[in-house]
Amino acid sequence: MTNKPGYGGLLRDGGFEAFLWTQFLGAFNDNVFKMIVSVFAVSVAAGGDVSARNLALAGAVFVIPFLLFAGWAGQLADKFSKTRVLQVTKAFEMSIMLLGTAALLAGRMDLLLVALFLLAAQANFFSPAKYGILPEMLSEAQITRANGLLELTTFIAIVIGSSFGTFLYARWQHAPLRMGLTMLAIAVAGSLASLRIRKVPAAPQSSPFRWNPFHEIVEGTRALAKRKPMALAVCGISWFWFVGGLFQMALLLAGPESLHVSGARAGLLITALAAGIGLGSLAAGALSGDYIELALVPAGSLLMGLGSLGLGGTADYGFAIGFLVVIGFGGGLFAVPLNAYLQEEAGAAEKGRILATNNFFNMLGVIAASGVLWLLHDRLQWHAGTIIFALGVLMLAGSLYLTARMPEIVVRFALWCLANLLFRIRIEGAENIPRTGAALLAANHVSYADAVLVGYASRRRTVHFLMWQPIFDIPVANYFFQVLQAIPIGIESPKATIRALRTARGELERGELVGIFPEGSISRTGEIRNFERGFEKILQGTDAPILPMHIEGLWGHPFSFKGGRIFASWERAWRPRVTIRIGRPMNGAISGMELQQAVIELANGTGVTTWTSSVL
């Protein structure tokens, strides 16, 4: 399992690089063959109605295996090594290309459809293993980046493969053997690449193989019904496929109807959309860093919605290209974190089942998109631009819904972005903060930005900070403090303080992170003041560790009290370099003096044994 940081580490990982080439060549070959079959279907048809029927039939043939065999694909991914499943399915692709070559030589549409059906079946069995293997061969810190690269290369394969398929048919229409051998060579290259994918063991599995292909889908749906966050992730990914399918078809109609373009210029519209998705996928991996950042999902929906409103209302080709890149970029931000979350949250023994269930619902979304297009465009006579505009309205509504469903994640991500805009942040000892379980974070207090920076250092969903009631009650800011579940400390009586400390202790007992500034107030000199004993009351009766933290580089910033008041000093106003050091967990009865000494040691550069770079 690789732990190398960043995209560079991923691309230098031989096992992951082989995996990326394997799936890229597979997606590329799928689209080359699909395009050849589509062009062949049109060329052999006697009339326009027959051509449309053949194209519709080819589309249905490619979708049906994902509905029929999704359950079997999930079982195989769970029962056997996902590496082995990938390798066997890639070998099967070579046999399919031989059949496809024979069909081209015979000039038979029925045999081409059989080959297309088998190719779709191969892709169906490939998919759960493809997505399920990522958490098994990579560390959690690389999952989102890996998904970003996966989506980027997939959409590149779709765009280039579709164009290359058209080119092959135009050049070698009367030399079908050359077309077939080219596709066979691509399949062989993909199969050879799969042999270098890192070996992962099969998940422990005792249940028998179910020959009912829908048994796994039913069981997967039941499992999702009991785990609402995962169910929402599947709904979100299926919504993305529905919107993508409807958008692609509406875009093909919008070319001649709204933008008055056809041919190559219409094809560039799809290319712009795919390019945007690829860039958005890379950005999702970069912004998420070592964590799965779900706050990108509503941000992606917002971008898709705004871009769709613009595209639906324009007749200018240049503006349309720009809007499509924005829409695709938002799509990448939307889909990548959801896929990464689903892969990480699904248990090892059920990963194939959950991902196969996800594929099943994704394909239902694609089919629903075709039905909605027929209803809106053919029956209700909606213009293509109107359909795209309506999609924009729905996606904006979706972003508002998602924001309402997880406001703390959105607010935290907004503060994360703000912190990166205001400061250049370096984190030392970030791995000392536990990914799960309780801990009390205790930091020095030198500015009004400290709470944001402590929260930045932990990518856990929430850090419950204790803060003085007058600050908690500041208008407008109060909403954000409530969303972030801060704990106000009343100043009207000692009882109010005790209630706040008990609330903080309750959060620790629930396995949450609590943040506190033991000095009690912001430093007026830049030096660390004596620690008060409130943290001892919070820890009393719990076994939660306390993590000392030190924030360096903010004395002299406008948010500090250098000069006697806030905004008195501007010497470090422009993106100062801030270092956050996190010490090793301290357990047992810790005195204020011992905790203060631990923070002072961090300030002196000791007390931290490991280092991690900033998120990006």
Side-chain angles (χ1 to χ4, degrees), residues 20-48 50-62 90 92-120 122-123 152-193 248-249 251-252 255-256 261-275 278 317 321:
L20 210 57
W21 275 111
T22 300
Q23 74 85 30
F24 170 81
L25 291 170
F28 178 79
N29 217 18
D30 286 352
N31 284 276
V32 170
F33 189 72
K34 282 165 59 179
M35 187 55 63
I36 287 175
V37 172
S38 298
V39 178
F40 183 85
V42 174
S43 66
V44 300
V50 180
S51 300
R53 186 178 67 199
N54 284 347
L55 284 173
L57 185 59
V61 161
F62 199 81
K90 287 303 294 181
F92 186 51
E93 182 185 340
M94 293 187 288
S95 302
I96 298 170
M97 289 301 106
L98 288 173
L99 175 61
T101 302
L104 287 171
L105 287 168
R108 291 180 56 180
M109 184 66 194
D110 55 345
L111 282 181
L112 280 173
L113 290 176
V114 170
L116 186 62
F117 180 88
L118 293 174
L119 189 64
Q122 181 265 343
L152 172 67
T153 52
T154 297
F155 281 99
I156 290 175
I158 290 171
V159 172
I160 300 177
S162 299
S163 301
F164 188 64
T166 305
F167 168 79
L168 279 186
Y169 192 85
R171 184 173 181 84
W172 288 335
Q173 181 176 357
H174 302 295
L177 182 60
R178 293 184 179 181
M179 281 192 288
L181 291 178
T182 301
M183 291 184 290
L184 178 61
I186 297 170
V188 170
S191 187
L192 291 175
Q248 185 176 21
M249 291 182 289
L251 196 57
L252 292 174
V261 296
S262 59
R265 298 191 77 198
L268 282 176
L269 297 174
I270 301 295
T271 302
L273 180 65
Y317 182 76
I321 292 289

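Quick note: residue numbers are just sequence positions, from 1.
Every residue was checked against the side chain to side chain donor-acceptor pair (under 3.5 Å) condition with Ser191, not counting sequence neighbours, and none meets it. For Ala189, the side-chain contact (heavy atoms from CB on, under 4.5 Å) test picks out Leu25, with sequence neighbours left out. Listed by chain and number, the residues in a salt bridge (Lys or Arg N to Asp or Glu O under 4.0 Å) with Arg171 amount to none (sequence neighbours excluded). Taking the side-chain contact (heavy atoms from CB on, under 4.5 Å) definition, one finds that Ile160 meets it with Phe28, Ile156, sequence neighbours left out. With sequence neighbours excluded, no residue forms a ring pair (Phe, Tyr, Trp, His ring centres under 6.0 Å) with Trp172. Every residue two or more places apart in sequence or in another chain that forms a side-chain contact (heavy atoms from CB on, under 4.5 Å) with Ala274 is listed here: Phe155, Val159.
A pairwise comparison of heavy atoms in Met35 and Gly165 identifies CG-C, 4.0 Å as the closest pair.
Identified under the salt bridge (charged side-chain N to carboxylate O under 4.0 Å, His left out) test for residues 22-41, with sequence neighbours left out: none. Pairs passing the salt bridge (charged side-chain N to carboxylate O under 4.0 Å, His left out) check and including a residue from residues 93-102, sequence neighbours excluded, read Lys90-Glu93. For residues 181-190, there are no side-chain hydrogen bond (donor to acceptor under 3.5 Å, both in side chains) pairs, not counting sequence neighbours.
Summarising the geometry, atom CZ belonging to Phe33 is positioned 10.0 Å from atom CE belonging to Met179; distances are rounded to the nearest 0.5 Å. For the atom pair Leu168 CG and Met183 CE, the distance stands at 7.5 Å (nearest 0.5 Å).
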Donor-acceptor pairs under 3.5 Å, side chain of residues 112-120 to any protein atom, not counting sequence neighbours: which ones?
none

Side-chain donor-acceptor pairs under 3.5 Å in residues 96-108, sequence neighbours left out?
{"from": "Thr101", "atom 1": "OG1", "to": "Met97", "atom 2": "O", "distance (Å)": "2.8"}
{"from": "Thr101", "atom 1": "OG1", "to": "Gly180", "atom 2": "O", "distance (Å)": "3.4"}
{"from": "Arg108", "atom 1": "NE", "to": "Asp110", "atom 2": "OD1", "distance (Å)": "3.2"}
{"from": "Arg108", "atom 1": "NH2", "to": "Asp110", "atom 2": "OD2", "distance (Å)": "2.8"}

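Two residues are said to be in side-chain contact when any heavy atoms from C-beta on lie closer than 4.5 Å; Asn31 and Phe164 fail this criterion.
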